[in-house]
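Report on one structure; see the data block that follows.
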Amino acid sequence: MRRALVPLLRCPRCRRGGLQPEADAPVLLFGPLRCGECRATFPVAEGVADLTVEHSAAGAMQRGMEQRWVARSYERYVRPVLDRALTRQSLDRDSEYLLYRSLLGRPEAPVLDVGCGTGMLARRLAREPDFPPVAGMDVSRAMLEEGVAQAREAGATVDFLRAEAPYLPFQDGTLGAVLMAGSLHFVADLGRMMLEVARVLRPGGRWVASTYVPPGAPTARVHRKLGLHPRGESELRAEAAAAGLVRFERVALPPLLVVKAEKGSAGTPR
């Protein structure tokens, strides 16, 4: 984790104070981060800050993501299989990347990839010329460990941190974009998620996410038991607006749904 990212972080325990490292090095590989307000400490190991406070009970799907063998085979096998099973889409990596990249626009502050998994998209964003710093956030230790290894191999600089959505451990108005590619349906509390996104984005910052349209009743019950929470366009549009996000747009490739919204300023029309 780069030292420059730390001033953007917010304590996940008291949700007020900033975090401070013990070492004043440009890159933090080990050592705790301490909250200047409540004095809570959070470990950093292999450059990954662990900012989890209380890990909520995970669904069966999320528990699977925490297995090391799943993380190691995630990009090549697991992710393509999940995409086809949930969205009936099989976009090649370049087409998928270009879709998200076009919707992100030109961020003017750091970009956070929520539910980054092994950092497949984060790595590619980080290697773009003149792109702002990229942080990847996931609750799975196994995914983050694999992400660190993959980023190192690719020569991409990504700041990884362990935290659990919907809460985002960043200060207000510090991020240029929040990306949730294929991770939105793992979040149970959509309202809280959208409030957090709106809080951490700076004016003009974009939220880009993908999910899939909820299936029929019998299948929906199975998905809920697996810990999946798909949403339709009307619900996403309503929750984004309730959080103060504007200029909602969507790309529909049923049942895949990709959406974008922006944080407006006081004078931005809804």
Side-chain angles (χ1 to χ4, degrees), residues 1 5-6 8-15 19 28 32-33 35 40-75 78-79 82-83 86 110-123 134-151 158-170 175 177-197 199-200 207-211 223-231:
M1 171 177 286
L5 181 75
V6 176
L8 308 184
L9 299 177
R10 186 179 81 163
C11 176
R13 186 174 296 278
C14 69
R15 298 177 186 161
L19 299 180
L28 306 176
L33 298 175
C35 174
T41 59
F42 305 92
V44 179
E46 295 291 341
V48 178
D50 191 337
L51 303 181
T52 54
V53 178
E54 295 179 358
H55 187 7
S56 61
M61 190 72 76
Q62 181 59 48
R63 290 197 300 272
M65 297 295 179
E66 294 172 2
Q67 303 300 312
R68 282 189 169 85
W69 70 267
V70 172
R72 291 186 184 123
S73 59
Y74 179 72
E75 293 186 17
V78 176
R79 191 175 187 269
L82 282 177
D83 285 346
L86 298 178
V111 174
L112 175 64
D113 185 358
V114 178
C116 66
T118 56
M120 185 178 76
L121 294 172
R123 291 195 305 272
V134 178
M137 169 182 145
D138 206 287
V139 73
S140 167
R141 286 191 179 92
M143 289 288 181
L144 293 171
E145 289 170 4
E146 183 67 17
V148 169
Q150 293 273 7
V158 178
D159 297 303
F160 289 101
L161 53 96
R162 182 171 182 254
E164 186 173 17
Y167 294 103
L168 303 178
F170 284 84
L175 299 180
V178 174
L179 174 64
M180 301 183 70
S183 61
L184 184 59
H185 39 267
F186 285 93
V187 179
D189 191 343
L190 178 61
R192 173 53 57 185
M193 184 79 254
M194 298 315 303
L195 289 172
E196 283 290 283
V197 167
R199 180 183 65 78
V200 300
W207 169 67
V208 175
S210 64
T211 185
H223 285 216
R224 283 195 296 272
K225 288 183 179 179
L226 290 173
L228 298 173
H229 310 275
R231 276 96 178 189

**Asked** Closest heavy-atom contact between A188 and R231?
**Response** O-NH2, 2.8 Å
**Prompt:** Residues two or more places apart in sequence or in another chain: which of them pass salt bridge (Lys or Arg N to Asp or Glu O under 4.0 Å) with R199?
**Reply:** D172, E196
**Asked** Between the side chain of D138 and the main-chain N/O of G117, is any donor-acceptor distance below 3.5 Å?
**Response** yes
**Item:** Partners passing salt bridge (Lys or Arg N to Asp or Glu O under 4.0 Å) against R13 (at least two apart in sequence or in another chain)
**Value:** none
**Prompt:** If you look at every heavy atom in V158 and G136, which pair is closest and at what distance?
**Reply:** CG1-N, 3.9 Å
**Asked** With D113, which residues qualify under salt bridge (Lys or Arg N to Asp or Glu O under 4.0 Å), at least two apart?
**Response** none
**Prompt:** Can you find a pair of side-chain heavy atoms, one from Y74 and one from E146, that are under 4.5 Å apart?
**Reply:** no
**Item:** Where D50 and F42 come nearest, the two heavy atoms and their spacing
**Value:** O-CB, 3.4 Å
**Prompt:** About how many Å separate CE of M143 and CD of E75, when rounded to the nearest 0.5 Å?
**Reply:** 9.0 Å
**Prompt:** Can you tell me how far the CG atom of L9 sits from the CG atom of L168, to the nearest 0.5 Å?
**Reply:** 11.5 Å
**Asked** Can you find a heavy atom in the side chain of V114 that is under 4.5 Å from one in the side chain of W207?
**Response** no
**L33 to A49 - nearest heavy-atom pair and separation** = CD1-CB, 4.0 Å
**Asked** So how far is it from L86 CG to M61 CE, rounded to the nearest 0.5 Å?
**Response** 5.5 Å
**Prompt:** Side chains of Q150 and T118: donor-acceptor distance under 3.5 Å anywhere?
**Reply:** no
**Item:** Smallest separation among heavy atoms of L144 and C116, with atom names
**Value:** CD2-SG, 4.2 Å
**Prompt:** Under the side chain to side chain contact (heavy atoms under 4.5 Å, CB included) criterion, do E145 and R68 qualify, and how do the steps go?
**Reply:** CA-CA 9 Å; E145 289 170 4; R68 282 189 169 85; 3.3 Å; yes
**Prompt:** Okay, side chain of S210, backbone of A181: is any donor-acceptor separation there less than 3.5 Å?
**Reply:** no
**Message:** Are E164 and P12 packed together at the side-chain level, in the sense that at least one heavy-atom pair is separated by less than 4.5 angstrom?
**Reply:** no
**Request:** Please name the pair of heavy atoms, one in A163 and one in T52, separated by the smallest distance, quoted to 0.1 Å.
**Result:** CA-CG2, 3.9 Å
**Request:** Would you please test D189 and Y167 for side chain to side chain contact (heavy atoms under 4.5 Å, CB included) and show each step?
**Result:** CA-CA 10 Å; D189 191 343; Y167 294 103; over 6 Å; no
**Request:** Give the intermediate values and the outcome of side chain to side chain contact (heavy atoms under 4.5 Å, CB included) for residues R79 and M120.
**Result:** CA-CA 10 Å; R79 191 175 187 269; M120 185 178 76; 3.1 Å; yes
**Asked** Counting N and O atoms only, with roles assigned by atom type, does the side chain of R162 sit under 3.5 Å from a partner on the main chain of L51, one being a donor and the other an acceptor?
**Response** no
**Request:** Mark yes or no for whether T41, through its side chain, and P32, through its backbone, hold a donor-acceptor pair below 3.5 Å.
**Result:** no
**Message:** Before you tell me yes or no, could you show the steps for E66 and V139 under side chain to side chain contact (heavy atoms under 4.5 Å, CB included), namely the whole-Å CA-CA distance, both residues' side-chain angles and the distance that decides it to 0.1 Å?
**Reply:** CA-CA 8 Å; E66 294 172 2; V139 73; 4.3 Å; yes
**Message:** Just so I know, are the side chains of H185 and H223 near enough to count as touching, which here means a heavy-atom distance under 4.5 Å?
**Reply:** no
